[in-house]
Amino acid sequence: MHAPAPKTLAPKTLAPKTLAPKTLKVRIWRGREEGSFCSYEVPARDNQTVLDVVTEVQRRHEPALAYRFACRVGVCGSCAMTVNGVPRWTCRTHVAKVAEAGAITIEPLRNMPRIKDLACDMRGFFDKWQKAGGRFSGTATRAEPPAKVDPANPRRRAADAAIECINCAVCYSACDVVSWNEAYLGPAALNRAWTVVNDERHALRRTTLDLATGEGGCGNCHTQGSCMRHCPVGISPTESIAGLKRMSLLSFLVRDRDAAEAPAGARAEAEEAPA
Amino acid sequence: MQVERLKTDILILGSGGAGLFAALHAKKANPDLSVTVATKGLLGKCGCTRMVQGGYNVALAPGDSVERHFMDTIVGGKWLPRQDLAWQLCVTSVERIRELENELGCFFDRNPDGTLHQKAFAGQSFDRTVHKGDLTGIEIINRLMEKVWALNVGRLEEHRAIELVPAADGSGIAGVLLVDIRTGAYRLVQAKAVLLGTGAGPTMYLYHTPSGDKSCDGLALALRYGLALRDMEMVQFHPTGLLGGPDTRMTGTVLEEGLRGAGGYLLNGEGERFMAAYDAAGERATRDVVSRAIYAEMRAGRTTPMGGVYIEMAHLGPENVARRFPGMVKRCADCGFDLAGGRVEVVPTAHYMMGGVEFEMDGSTASPGLYAAGEDCGGVHGANRLGGNGVGNSTVYGGIAGDSMAAFVARQSAFRDPDESVVEAAIARAERPFALPRGDLMGLRELLWQDMWDDVGILRTAEGLRRGRQKIAGHQASLAATGLADGDRAFNLTWHDWLNLESLLSISDVIALAAEARQDSRGAHFREDFPETGELATSAYTRIRADGEALELEMVPVDFSIVRPGQSLIEETAGAPPVAAE
Amino acid sequence: MSERTLFAAQRLSALLLGPLVLVHLALILYAVQDGLTASEILSRTRGSAGWAFFYGLFVLAAAVHAPIGLRNVLAEWTPLPPRAAGILAALFAALLLVLGARAVLAVVVPA
Amino acid sequence: MSGHRRHQAYWAFIGHRLSGLALAAFLPLHFLALALALQGAAALDEFLALADMSLFKLAEWGLVVLLAVHLFFGARLLFLELHPWKRAGDSRLGWIVPSLLAAFLIGAVFAVRVV
Ligand SMILES: Cc1cc2nc3c(=O)[nH]c(=O)nc-3n(C[C@H](O)[C@H](O)[C@H](O)COP(=O)(O)OP(=O)(O)OC[C@H]3O[C@@H](n4cnc5c(N)ncnc54)[C@H](O)[C@@H]3O)c2cc1C
Ligand code: HEM
Ligand code: SF4
Ligand code: F3S
Ligand code: FES
């Protein structure tokens with residue numbers, strides 16, 4: 001074939017030159033709510049994510065070290081931890097990006113109960129997801145063809161911009177309002193509510209809006225912006241919540257404007273009452 | 001050892017497309033049933049359904065047809081699929097995608113006219129892959145997860161199934177023994193019906209794509225339970241897995257197929273493009289062809305520093321590449337690789353297992369009450385799986401199994417009594433490593449990875465396979481002598497690594513045996529000593545069953561129940577020409 | 001009062017306060033020129049319906065706006081339960097209303 | 001300050017909140033002072049003379065700045081909440097520094113005019 005012969009043989013990568021010194025100091029939280037940091041040294045490598053460091057500690061130093069991961073490519077949102085004070089997905093965080101003077105400190109995410117070491121209990125996070133009304137309810141069934149939806153429609157685009165959430169809880173962990181106010185539903189749940197509210201196929205728009213703007217809802221957000229800043233997939237819950245606030249205010253001024261929009265035949269889905 | 005006991009009408013193992021669809025359908029069929037999902041990670045946040053990038057095959061568009069989709073599946077599967085299963089997949093995919101869109105709220109990409117966008121995917125004669133950007137799996141699983149949370153479904157998250165427990169009287173399945181990963185406690189869940197939806201996952205190879213929680217547990221349990229596994233030699237390799245060295249979990253993860261489709265170059269260690277020497281389609285040849293070519297280059301020693309080949313996109317213009325493949329470029333950049341402007345080392349990587357548990361049209365298996373769906377099952381894809389038929393398989397058959405289990409439970413009013421001797425034996429198995437002196441578990445796993453890669457991998461020979469089986473047997477003996485240092489059972493990942501390795505070893509042996517038995521090359525299976533595809537009309541598939549410690553193999557003739565080799569349901573040739581995605 | 005009402009009230013009062021504060025600031029900058037004297041202030045405001053309205057509105061808006069904010073801060077930054085924070089904020093609102101009304105009267109009602 | 005808070009928007013939140021609190025604390029006092037006029041202009045003048053002390057001036061200056069900071073930061077919040085975003089990440093971070101500058105400009109004008 002007529003392939004132009006490449007000039008260099010060496011792989012061109014963005015990998016850091018060297019992490020001097022060639023070892024990395026790691027402090028890892030061990031224990032549950034009560035616990036302490038333990039220190040380890042692992043070899044520093046060119047291709048090394050924070051998850052790799054944790055894995056190395058588990059494999060070579062601390063066999064019973066607890067942490068969570070699954071996909072290792074940034075789609076499952078299982079591996080998030082607090083790294084040098086910042087919540088991050090660890091499978092997609094290169095050590096060079098976060099190490100300070102050849103050291104990193106790894107803790108579980110904030111704002112969730114701890115199970116053991118680096119794993120925390122995400123149940124509350126997901127319960128709030130439901131409380132925010134972030135669940136689709138359609139009127140069409142599998143017997144019908146999919147609805148025609150104009151991809152350029154502004155509402156569709158608003159939903160599109162916010163939908164690829166991997167539910168990693170990084171935003172939830174970064175938001176101080178979540179720490180200060182137990183009832184606050186948090187950025188991820190409200191972000192999801194925003195996508196359904198913008199989904200023209202969604203039959204229970206009013207219900208979702210009521211849940212997302214009511215108790216614990218969007219009004220509690222003080223635009224700290226940490227969610228937007230730290231979301232690993234570049235979603236801006238801040239924007240989604242701002243959108244909900246706008247709707248909240250509008251529906252406050254123009255009472256029940258939306259109620260009429262919910263198709264009369266909206267399935268009540270009584271059986272779907274949150275368990 | 002204390003065992004906590006629970007009862008539920010339906011117990012579902014796994015929370016991928018198969019498990020969650022089963023839960024949803026069972027609960028819809030009868031809301032009064034108690035349904036419980038047990039899964040190794042968090043509900044919906046583990047397994048591979050979430051990782052689906054390409055999308056979901058379905059014959060929706062004018063000009064396409066179920067017949068065409070079916071013929072592509074059969075031809076792609078080299079006439080090995082069980083045809084009624086493949087047919088049902090193609091038919092029900094249409095209903096399932098509508099259910100996903102209309103009832104679950106999946107937000108698939110649209111054409112400008114508002115209809116579903118369907119893209120091209122390798123090996124198919126029509127553009128029929130429905131998708132949501134290149135993160136289709138997240139959309140599907142998130143919507144499923146939300147629905148299942150809202151139903152009153154029991155959740156045993158971070159619970160690992162370690163034994164399928166038969167009824168004491170042999171009348172079927174009685175329940176499943178699990179380990180609560182968080183506490184290390186044992187739980188026996190009795191159920192009238194059980195679904196096996198643990199997603200197989202060929203993670204016994206040096207390079208592999210699936211999520212870390214998958215280790216062929218379901219297959220190992222099924223084998224031990226006495227079920228037959230078919231087509232186990234059929235392991236699909238994806239040609240371009242990221243190669244980042246042995247100490248990073250990134251190694252093996254998929255770089256998408258579209259990169260080659262768009263005109264990306266594959267270069268060997270000497271910097272030369274080599275694909276033209278193997279196939280006229282060059283880099284755009286099908287997955288299996290490209291995987292074999294890369295492997296051949298590697299074996300010939302023309303490798304990159306880390307032992308693979310390069311993928312290079314820069315000639316298409318780095319900005320252009322970054323715009324067209326933002327997800328891939330960012331993923332590489334996060335981990336220190338410059339995909340848009342430089343070269344990235346890649347290697348073929350074990351991706352999907354076409355083989356698995358033999359099951360029926362309604363999802364049932366040979367044991368009353370035990371159902372199976374998704375990647376744990378064999379028969380739907382035959383010798384090769386079309387990209388986009390994997391998630392179709394798990395969601396279609398998961399839903400069907402859910403319906404069937406609800407109907408089965410309605411007929412079956414009583415719980416069966418578990419065979420307590422099996423429970424005791426299973427706990428003893430799981431406890432073994434704590435009584436043994438600490439060994440090098442990691443080293444053992446690496447040996448298995450390397451041996452499977454070398455001897456039971458992309459290019460196979462009788463001699464290599466025989467050697468492979470011997471080594472596997474040796475590793476099994478080593479594992480039986482390898483203990484764990486820390487006695488803490490709570491969230492002890494090293495214990496679970498041990499259990500994972502046990503499952504992987506048992507299934508590795510099955511793969512090697514099946515590969516030895518198949519003395520021709522077809523689909524994902526390539527025998528250098530039998531490079532030709534055997535006569536299609538007399539095709540047979542491998543069926544393996546455990547008899548105590550030994551494995552029994554049978555070659556079973558394929559029943560061409562719908563179409564015979566040489567015939568077609570449609571006028572033009574289906575499945576041809578197979579081109580890589582894009 | 002529901003959270004949504006409180007939210008709306010705070011944003012609406014903020015919208016109102018915006019221009020009021022702007023004018024007030026401008027006035028401050030203008031008025032401090034050669035030292036503040038009571039006569040200067042009072043000559044401007046006494047008997048002026050316009051200023052009466054302006055400051056009346058200011059007091060009302062501030063008495064809605066600030067207590068709601070205070071309630072959030074108390075609920076988030078102190079161990080007070082939300083109900084207690086609400087009661088304190090309501091008291092604060094009453095205080096602002098009373099003192100504010102007195103102040104407006106003091107400066108607009110002709111002596 | 002813990003790592004997740006180390007960014008502009010968070011500082012803006014803190015600034016807005018602290019300024020709001022300070023204003024809320026000051027407002028009743030401000031009302032009390034003005035109400036002195038009820039006892040006649042002389043009483044108010046007496047107070048204003050008291051207020052002429054430099055410490056008091058400094059406090060007044062601070063309040064003017066805080067009022068301006070709270071106003072501008074508040075305007076940013078209202079804008080980003082009420083106006084649909086043009087592009088992702090458009091949380092008007094760019095307003096924060098100019099808002100502060102403007103507030104201090106007002107403070108400077110105040111200072112110049114007072115002395
Ligand atoms: C990177 C990647 C990309 C892919 N892209 C596509 C694509 O574009 N199109 C396509 O059609 N297919 C694709 N596939 C294949 C497809 O994802 C799978 O075939 C399909 O989703 C499998 O679904 P499942 O429900 O059978 O298993 P999974 O979704 O893998 O779920 C298995 C579940 O079982 C659980 N489990 C495992 N062991 C145990 C145990 N012992 N006890 C309890 N629970 C257990 C797991 O934790 C998990 O929850 C891709 C696969 C990968 C890895
Ligand atoms: C007398 C004047 C004012 C006082 C005493 C005052 C007081 C307060 C207080 C105490 C808060 C709570 C802070 C917090 O929750 O973080 C607050 C919040 C707020 N203020 Fe003001 N304020 C005044 C003027 C204004 C003006 C002029 C604006 C806008 C133009 C404004 C906009 C806001 C907004 C939007 C909030 C809500 C912040 C949030 O909850 O995220 N305020 N105010
Ligand atoms: S919005 Fe972003 S940070 Fe929050 S859960 Fe979703 S992906 Fe994670
Ligand atoms: S960090 Fe929290 S306060 Fe709002 S903008 Fe994000 S939810
Ligand atoms: S392991 Fe899945 S996101 Fe990191």
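Quick caveat: nothing in here was measured; it's all calculated off a predicted structure. Side-chain atoms are counted along with the backbone in the values below, which use heavy atoms only and exclude waters and symmetry mates. Lettering of chains follows the sequences in order, A, B, ..., and the numbering in each one begins at 1.
- Both the backbone and the side chain of D/A68 come within less than 4.5 Å of a heavy atom of chain C.
- Atom CG of D/D45 is separated from atom CG of D/L50 by 12.0 Å, given to the nearest 0.5 angstrom.
- D/H70 contributes a side-chain N or O that, together with a main-chain N or O of D/G20, makes up a donor-acceptor pair within less than 3.5 Å.
- Ring pair C/F54/C/H24 is tilted by interplanar angle, where 30° to 60° counts as tilted.
- Judged by distance alone, the side chain of D/R76 and the main-chain N or O of D/S91 form a donor-acceptor pair under 3.5 Å.
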query: Given D/F47 and D/L34, is the side chain to side chain contact (heavy atoms under 4.5 Å, CB included) satisfied, shown in steps?
result: CA-CA 9 Å; D/F47 172 78; D/L34 288 171; over 6 Å; no

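- Residue D/E81 touches chain C through its side chain alone, counting heavy-atom pairs closer than 4.5 Å.
- Looking at D/A75, neither its backbone nor its side chain comes within 4.5 Å of chain C, counting heavy atoms on both sides.
- Of the two parts of C/L15, the backbone and the side chain both hold a non-hydrogen atom closer than 4.5 Å to a non-hydrogen atom of chain D.
- Identified by a heavy-atom distance below 4.5 Å to chain D, the contributing residues of residues 66-77 of chain C are C/A66, C/L70, C/N72, C/V73, C/E76, C/W77, in residue-number order.
- A donor-acceptor contact shorter than 3.5 Å is absent between the side chain of D/W95 and the backbone of D/F73.
- At a cut-off of 3.5 Å, with distance as the only test, a side-chain donor of C/S2 or C/T5 sits close to an acceptor on the other residue.
- The contact between C/L99 and chain D is made by backbone and side chain atoms together, counting heavy-atom distances below 4.5 Å.
- Contact of D/L29 with chain C is not made at all, since no heavy-atom distance falls under 4.5 Å.
- If you measure heavy-atom distances from D/L48 to chain C, the contacts under 4.5 Å come from the side chain alone.
- Between D/F104 and D/W61, the ring planes are tilted. Angles from 30° to 60° get that label.
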- request: Apply side chain to side chain contact (heavy atoms under 4.5 Å, CB included) to C/L25 and D/F110, showing your working.
  value: CA-CA 10 Å; C/L25 271 173; D/F110 179 83; over 6 Å; no

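- Heavy-atom contacts from other residues, nucleotides or ligands closer than 6.0 Å to CZ of D/R113 number more than 12.
- Ranked by heavy-atom pairs under 4.5 Å with chain C, the first of D/L77, D/L23, D/L67 is D/L67.
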